[in-house]
Amino acid sequence: MATTETAETTRRDFLYIATGAVGAVGAAALIWPFISQLQPDASVLALSTTEVDLSQIAEGQIVTVKWRGKPIFVWNRTPDDITKAKDVQLSALLDPVARNANLPADAPATDENRAAKDKEKWLVVIGICTHLGCVPIGHSGEYDGWFCPCHGSEYDSAGRVRRGPAPENLPIPPYQFVSDTKISIG
Amino acid sequence: MNKLMSSLSFVSLRCGVLAGAVALATLAGGAGMASAQEHGAPQPHRESWTFAGPFGKYDRAQLQRGFQVFKEVCASCHSAHLFAFRNLAQEGGPGFTEEQAKTVAEEYKVQDGPNDAGDMFERPGRLSDRWPSPFPNEQAARASNGGAFPPDFSVLAKARTYEVGFPGFLIDIVRQYQEQGPDYIHALLNGYKDPPEGFKLPEGAHYNEYFPGHAIKMPPPLSADQVTYSDGTPQTVDQYSRDVIAFMMWLAEPHLEARKRIGFQVMIFLIVFGGLLYFTKKKVWKKVHDEHA
Amino acid sequence: MSGHATFEPKNPALKWFESRLPLVGLIHSSFIAYPTPRNLNYWWTFGGILSLMLVCQILSGVVLVMHYTPHVTLAFDSVEHIMRDVSYGWLIRYIHSNGASMFFIAVYIHMFRGLYYGSYKSPREVLWILGVIIYLLMMATGFMGYVLPWGQMSFWGATVITNLFSAFPLVGPTIVEWLWGGFAVDNPTLNRFFSLHYLLPFMIAGVVVLHVWALHVVGQNNPTGVDPKSEKDTVPFTPYATIKDAFGMVCFLLFFAWFVFYIPNYLGHADNYIPANPLVTPAHIVPEWYYLPFYAMLRSVPDKLGGVLTMFGAIIVLFFVPWLDTSKVRSAAYRPLFKQFFWIWIAVCIGLGWLGSKPAEGGYVIAGRILTVWYFAHFLIILPLLGLFEKPKQVPASITESVLGKSKA
């Protein structure tokens, strides 16, 4: 009698556990589509490239274009801006990494790694302060780059952060020269 | 009293049955009348589609041929404004590579702008672009097509149907038959005929057996050998129509394959889970049932 | 055996909380210790299934709103955007659109069960009336939801239904313009319907709380219609009713999934995949299947106002069922005559539904009139008279006795 009861109990316990487990798996699987729908949809992901005509940008001028809903700064730098950026020692930087999507992740933040390849007067950065997402103001601040009005972060003429609270350099989006005067971002 | 009750019950039941019979008879009569009056069109024939049924899938090669027919024939009048070039390389679709889809996109000019001068300009299509419409608006489309508006292809395969009637509409639930749209379009594309004696065909219209009212503005769109297939598939009107309809169905329901695949998994899960719950329920209730056994 | 044990927490933290807000105790007494009649059949699982459907519709609806745009130029394409581009958007949209139909299937079974077993009779009148209110709110919600994809059926359904109100003398035309926010169904209409479609489900949830509360005050009816007399007649809600409801729900989900995954457009209408066109009415306009019986009644009456009043009357009459049914016996199991009339009435409802989908001409109209008259006669003549003339069968003394009788036989 006692043995049958134990066997009975075990079998019942197993049934309860199996039912509960299968139910839990089902609930988890059901939740996934409801989470997954939050991600950028196929039409958003497809909106990838923006083209910029550089011939319209005068020396010293910064132009803002939109790429994936974000502002991109395209700066035609003067020789003076370039020299200043080149003179900065890597050790003086808050963020020593280039943050250039076209280069390896560990490339150092030299001006060469920040500016366009072989066309060093062009600087293309995503115009969003790496602190909390405001758009910095160009040609201002102590470092002749950008000054963020929200919390006072400052960037130099290579878009590198020089004064906090922003933790990182302005990131450089993936882009390439389609012709001598045209870039395609994304 | 009891007797009265039972006879009353009998009377009431008979009344009910009678009312039901009358209703049914009138319904049947009415149905006959209605179909004679307004549905002069014959019922489209049920075709066999690869995407029908619980394990239905699109035939990639057929979708590619259908796309070719659409591109070379239909698209000169019909728009497909929800169709993006990127869809061509999408999972569950015609199976083009992204490179092939890009090449297709670049064959088309797409309006973009305004540029810095404020002008709209044309550029080659990109993957993210939608299929360019043949006409800028409905009015322009009507003006070029004798007053008729060629319907947009985006969801057209789901926007057409025919009446199935009793009991067919119930059997379709069990059979999972939902291809009335493709059936109808197939019947339409193959339904051009000479008008019967005494039929007054309006100016610029064509006689089609399956079109409501029979006078359709679209001239017979397909003819044999009109599109050159590279894979040796017969170049007949029937084949063209089947291919382009498969393409239209995919356009209307691009996630059909995923839907049926996931559906099968869900069914299996629910049957297993339901079975487990059934035995658990029996176990739990055993105590109550045993008490009086 | 059906422990009416009150919840007494052992954990000191829980004890502290319970003495300030007895939440767990409420849940315990409502969904665990709550005594349910031991003889409930599977028709009683539809209450739980309906709660599940309400949650399902609210969750999928909230997600759809994240991607939907309520504007006449964008609504249709935004629904298609959900179907094409949003990750699993097709699944969530098909769950929501088919879920509406499933909700109505479940509510009709739930109502028919209540009518069959006399669940509306004293002391459950308020419970029944709250249920009818939920049904009315569901009809409004379902109708407004069907307008949102802005297809041809959406547009013309909205036009026809809002025009019902123009039948009322004097104020009718003004009411209709105020419903539209213009001189035809247009963007303002779409926007307000969207707003209300989002609001009403939460009102339904509120009335459902009252419905459940009322249920827990008067207790559940059961197939015998005899009130539980001793503890032997009941079992605690958990695990008995919970596990039975869970099994019922999974069976229902199986049916639901069949539609969602294999024939998702079966219950809809092909014309609703044509974008709304205010200048062309489709040849055949019919409402969603769950309104068809009422639509048939509307068309049976040749007078505009008369048709509208008949249609609304068909629902209003449900509020009075507890007093129209004069019989002292609850369950149809012991009412041989009522049982027959009940099934005839079900056939009438189905017949009306079928007629609603047919064109309003010839024999269909005549049949519609016969069935409409029968529908009302059932409530206004048959139910009151049956109570006076019908001789019910012997009602068992208790639930346990009926269960024992059955197992012996």
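The parts of A:Ala42 that come within reach of chain B are both its backbone and its side chain, each placing non-hydrogen atoms under 4.5 angstrom from that chain. With a 4.5 Å cut-off on non-hydrogen atoms, B:Leu127 does not touch chain A at all. In this structure, the portion of B:Arg126 lying under 4.5 Å from any heavy atom of chain A is its side chain and not its backbone.
Side-chain atoms of B:Thr97 and B:Gln100 form a donor-acceptor pair, as typed in the model, at a separation below 3.5 Å.
The ring of B:Tyr240 has its center closer than 6.0 angstrom to the ring center of B:Tyr229. Taking the six-membered ring where the residue is Trp, the centroids of B:Phe83 and B:Trp131 are separated by under 6.0 Å.
Annotation: side chain to side chain contact (heavy atoms under 4.5 Å, CB included) contacts of A:Val25 (sequence neighbours excluded): none. B:Glu138 is linked by a side chain to side chain contact (heavy atoms under 4.5 Å, CB included) to B:Arg142, B:Phe149, counting only residues two or more places apart in sequence or in another chain.
A disulfide is not assigned to A:Cys150 and A:Cys129, since their SG atoms are no nearer than 2.5 Å.
Within residues 249-276 of chain B, the residues having any heavy atom less than 4.5 Å from a heavy atom of chain A are, in residue-number order, B:Phe269, B:Phe273, B:Leu276.
The list of side-chain hydrogen bond (donor to acceptor under 3.5 Å, both in side chains) pairs with a residue in residues 177-186 of chain A, not counting sequence neighbours, is empty.
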